[in-house]
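Have a look at the structure below, then the notes.
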Amino acid sequence: MDADSDSDGSHISATPPRDPLPPPRLPPQPPPKPPTSYKSTASTKRSSHLDIIFKLKKPSSSKHDKIEPVPEPEPKVKPIQQPDLPSPVGNFPFQIRRPSDQPHPISIGRSLETLPAGFFSTRRASFSKICKPSLNFEPETLPEITAEPKINGSDGPGSTKTCNKKLPNLIRGDVPLPPVKLQKRSEEGNFVRLNFNGYKRKFTAKGKKMNSYSYKSKYFKRSKRRVKSEVDTGSLCDEEGLVSEIKLQSKAEKPSRCESVEAAISAVRNEVSDENLVRLLKALYGYDLFRDGQLEAIKMILAGKSTMLVLPTGAGKSLCYQIPAVVLPGITLVVSPLVALMIDQLKQLPRMIQGGLLSSSQGPEEAAETLRMVQEGSIKVLFVSPERFLNADFLSIFSTLTSVSLVVVDEAHCVSEWSHNFRPSYMRLRASLLRAKLNVECILAMTATATTTTLQSIMSALEISSTNLIQKSQVRDNLRLSVSLSSNRMKDMLKLMKSSPFLGAQSIIVYCKFQSETDVISRYLCDNNISAKSYHSGMLARDRSRIQELFCANKIRVVVATVAFGMGIDKRDVGAVIHYSLPESLEEYVQEIGRGGRDGRLSYCHLFFDDVTYYKLRSLMHSDGVDEFAVNKFLCQVFADDTSSHRKVCSLVKESASRKFDMKEEVMLTLLTHLELGETQYLHLLPQLNVTCTLNFHKTSPMLLADKDTAVAAILKKSEIKQGQYVFDIPTVANSIGVAPGDLSNHLQNLKAKGEITYELKDPAYCYKIVKVPSDFCSLTELLTRWLLDIENCKVWKLDAMYSSAVFVVDTCEKTHDCNVAQQTTCLQERILDYFKGDNNLDVLDKMGQNSPFLRADIKVFLQSNSNVKFTPRAIARIMHGIGSPAYPSSTWSRTHFWGRYIQIDFKAVMNAAKAELMNFVGKDAP
Ligand SMILES: Nc1ncnc2c1ncn2[C@@H]1O[C@H](COP(=O)(O)OP(=O)(O)OP(=O)(O)O)[C@@H](O)[C@H]1O
């Protein structure tokens, strides 16, 4: 989590001051069981905290979905005007409603994930005559590609492949394999086309002619400018490191090496023996031996078995898919959670393996070029995001034209909601779906950090047999671990860095929790003669990759970073990793210390922890939580649209919906994905779009154009005219003429190219089609709410386990009066192993207070002073814990002096107190 939740509220209270001391540490409690399945809990009774929303005193006359400007709150205890709040569902007491019959005002735009216009030229509809309802322009039902397939069946000149059929990914003697076709890297290296910082870079061989985007021209000049500005500000960078790295990447492969790789691949295809595989390892990478687990994994994949691979960070998991990728006949798809990670992995591919990537940040031409190469069969490893699986055009290539031999799910823990890093889009990666859409049998799931519960859920989703699990210890032996409780972390960290062994470390990563901390600490280190730079996701991508490059080239000694500097960083000689803040989970801790010692040499990892950070993080663990009534309202809106036509595209504008339901966008996506991929399929998600279009006509008059063009006629019908501009919702217009929103966007582009119109698209939205309207909204609401609650509890438990482990190590050390690094390493390693084994014997401290004598009184004053605002118990608890939410943003609410005041009291206890006070308030107020 990359947020800064510092409160700067005043300290005036209507009640006596709170106890400045944290509640005493309680004896270890039996560990709360991490949830095993939401299904089991779903049928239980509704949660005890009734999800009530209260309207205080004056009823609001504003419509609930109308967003009004946020008035500045008066200082002290004057009421704060709340701009856009979830409105009550039914009358008090709370009722769960079915969706209303009212039509939902949809809006829409341009696909963020659609393929470039013109890629499938035959798909274009002519809008001049069209749009009979019988025409089906829906992306997933269209005959996707009508052009002659070129790959595997090309009869064109120069074609080297003749096989039309999909090849199985199982290596057997009776299966005809295509000839080994390695890319001789004299032209481009393994970079297909990368979009670095918005510039295309094409790496060419030394001595060859550069293209117009070669690093020597644009990129080099830019990097020089950047270097200058950094030197001006006192940083220590020069361009040499970066350029030499690029030069290294652009070196051509010698033909003899290519031949030896080709021979080694052929040998493995003939016989998958240890000897042949070692020969291939040597030829491709120059390594003599496989590391623990690698050979086993490669053999399993080459035997066509789906495999779960759990190896520590830096143990060499990538090689386990790269070798099969060159041996297997078809393409290998690698699903990665982050674009930055894809770029890093693409860079790290051996030169002989042609790779490519598809990401939403690419331009249409770049994506088209990559897809063309995929179809030609010249890409062996393609990196994609899980969101790409929403794109029907992308899927069609694999279901009809290109054979996929292997799907690799990297960072596979993201599949599981019980992991530290659940990604809703990873829910799409189910074996059944992959098989249906890609016709692939073999799946490799890889992670360094998974508890037994997480592993079970990954293996069940990807249908990996328990016999195909390869698991090695999750922490490498060359990491020396130490921990200390610190009340002055800055000072202590400086002391640590100025003493042995940290003093001798060539490269150091310092991990912080909050973005603001990274800047403060890097400045502090620089002031103390330690060269440091900060790195976090709030920085420009260009600046981030620059810092990463300089760090890898040893031009910066210390990077002070948030969690954003993690996965994919493969600098081999990081000598120390310091945690300035407590990580959110042991998984995150293991992932981050895994950046150290990747060359196998000793690396020192020190963790500072303190109670203040723990309390802040614990509050943040509740920032994704939602209440039952909000889930119900959300469902009502999702299914509010006219359900008679299942062909219609519905949309939910992210920003306004997020405020309306007081739900983070990520949570809404989680719910929508569950509605698509849960036990019953209620909807079908489509790529996200910008849905609101503002259009101007230029050449022909709108009426005349409408006579010739059905789409324009529909636009005129469905638009509102605002300041002379036509404002309309893309899906509404597309639905009215029976075409897909993407095709309407393409048509608008054509009109723009002819000079007829100009237009702008805004309002990113989730788009979907309704498959089935739920028959029982109440049960579905309850099921989803319980599921989200379990995820919230699981996150809290993970943080508690992390904190308890740090306390445990320090306490054990103190008791034995013999604290040294070796002892702390063993102690923490054991703790980590127990945690990952999930034997539930881990003692987890419950440090949170359960009550405070002033809590109820403060809530009462807070309510009185904001009597014109609607609150839920959760909203009040968030304010008392100092966490903002879409409807109660910190920019507004951190001005109240109650902000973050009860951070040491358990969130649920604050919610309960808030509920009781709200009941009192409404009770008193009732006529
Ligand atoms: N058999 C081997 N012998 C020597 N070095 C190896 C071997 N296998 C992999 N490596 C090297 O180890 C380093 C780490 O490999 P890789 O990036 O694949 O690790 P990883 O397990 O994917 O780590 P992470 O989980 O952090 O991404 C790379 O530089 C790689 O070249």
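Order of listing sets the numbers, starting from 1, for every ligand and every atom in it. Every heavy atom of this structure was used, including side-chain atoms; hydrogens, water molecules and symmetry mates were not.
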Exercise. Any donor and acceptor pair, going by atom type alone, linking the side chain of Thr673 with main-chain N or O of Arg428 inside 3.5 Å?
Worked result: no
For this session: Go through ligand 1 atom by atom and flag the ones less than 4.0 Å from a non-hydrogen atom of Arg595.
Result: 26 (O)
Exercise. Salt-bridged, Arg423 to Glu387, with N to O below 4.0 Å?
Worked result: yes
Exercise. Less than 6.0 Å separating the ring centroids of Tyr589 and His579?
Worked result: yes
Exercise. Short N/O distance, under 3.5 Å, between Ala448 and ligand 1?
Worked result: no
Exercise. Gly314 to ligand 1: N or O pair under 3.5 Å?
Worked result: yes
Exercise. Is the shortest side-chain N to carboxylate O distance from Lys798 to Glu584 below 4.0 Å?
Worked result: no
Problem set entry | Check: Gln591 N/O within less than 3.5 Å of ligand 1 N/O | no
Exercise. Just which atoms of ligand 1 are under 4.0 Å from any heavy atom in Ser318?
Worked result: 16 (P), 17 (O), 18 (O), 22 (O)
Exercise. Near Pro312, which atoms of ligand 1 are under 4.0 Å from a heavy atom of that residue?
Worked result: 21 (O)
For this session: Run the contact test for Gly594 against ligand 1 with a 4.0 Å cut-off on heavy atoms, strictly below, and give the result.
Result: no
Exercise. Are the side chains of Leu455 and Met308 in touch, meaning some heavy atoms are under 4.5 Å apart?
Worked result: yes
Exercise. Is Met446 touching ligand 1 with its side chain, its backbone, both, or neither, if touching means heavy atoms under 4.0 Å apart?
Worked result: neither
Exercise. Under 3.5 Å between some N or O of ligand 1 and some N or O of Thr313?
Worked result: no
For this session: With heavy atoms of Arg572 as the reference, note each atom of ligand 1 found under 4.0 Å away.
Result: 11 (C), 12 (O), 13 (C), 28 (C), 29 (O)
Exercise. What atoms of ligand 1 come closer than 4.0 angstrom to any heavy atom of Leu319?
Worked result: 8 (N), 9 (C)
Exercise. Centre of Phe551's six-membered ring, under 6.0 Å away, within 45 degrees of the axis: is that where NZ or CZ of Lys571 sits?
Worked result: yes
For this session: Please collect all side-chain hydrogen bond (donor to acceptor under 3.5 Å, both in side chains) contacts where either partner lies in residues 322-343, sequence neighbours excluded, each pair once.
Result: Tyr285-Gln322, Ser336-Gln345
Exercise. Any N or O of Gln348 that comes nearer than 3.5 Å to an N or O of ligand 1?
Worked result: no
Problem set entry | Val407 and Leu429, any side-chain heavy atoms less than 4.5 Å apart | no
Exercise. With a cut-off of 6.0 Å (strictly less than), are more than 12 heavy atoms of other residues, nucleotides or ligands near CG of Asp477?
Worked result: no
For this session: Please work out whether any backbone atom (N, CA, C, O) or any side-chain heavy atom from C-beta onward of Leu311 is under 4.0 Å from ligand 1, and answer side chain, backbone, both or neither.
Result: neither
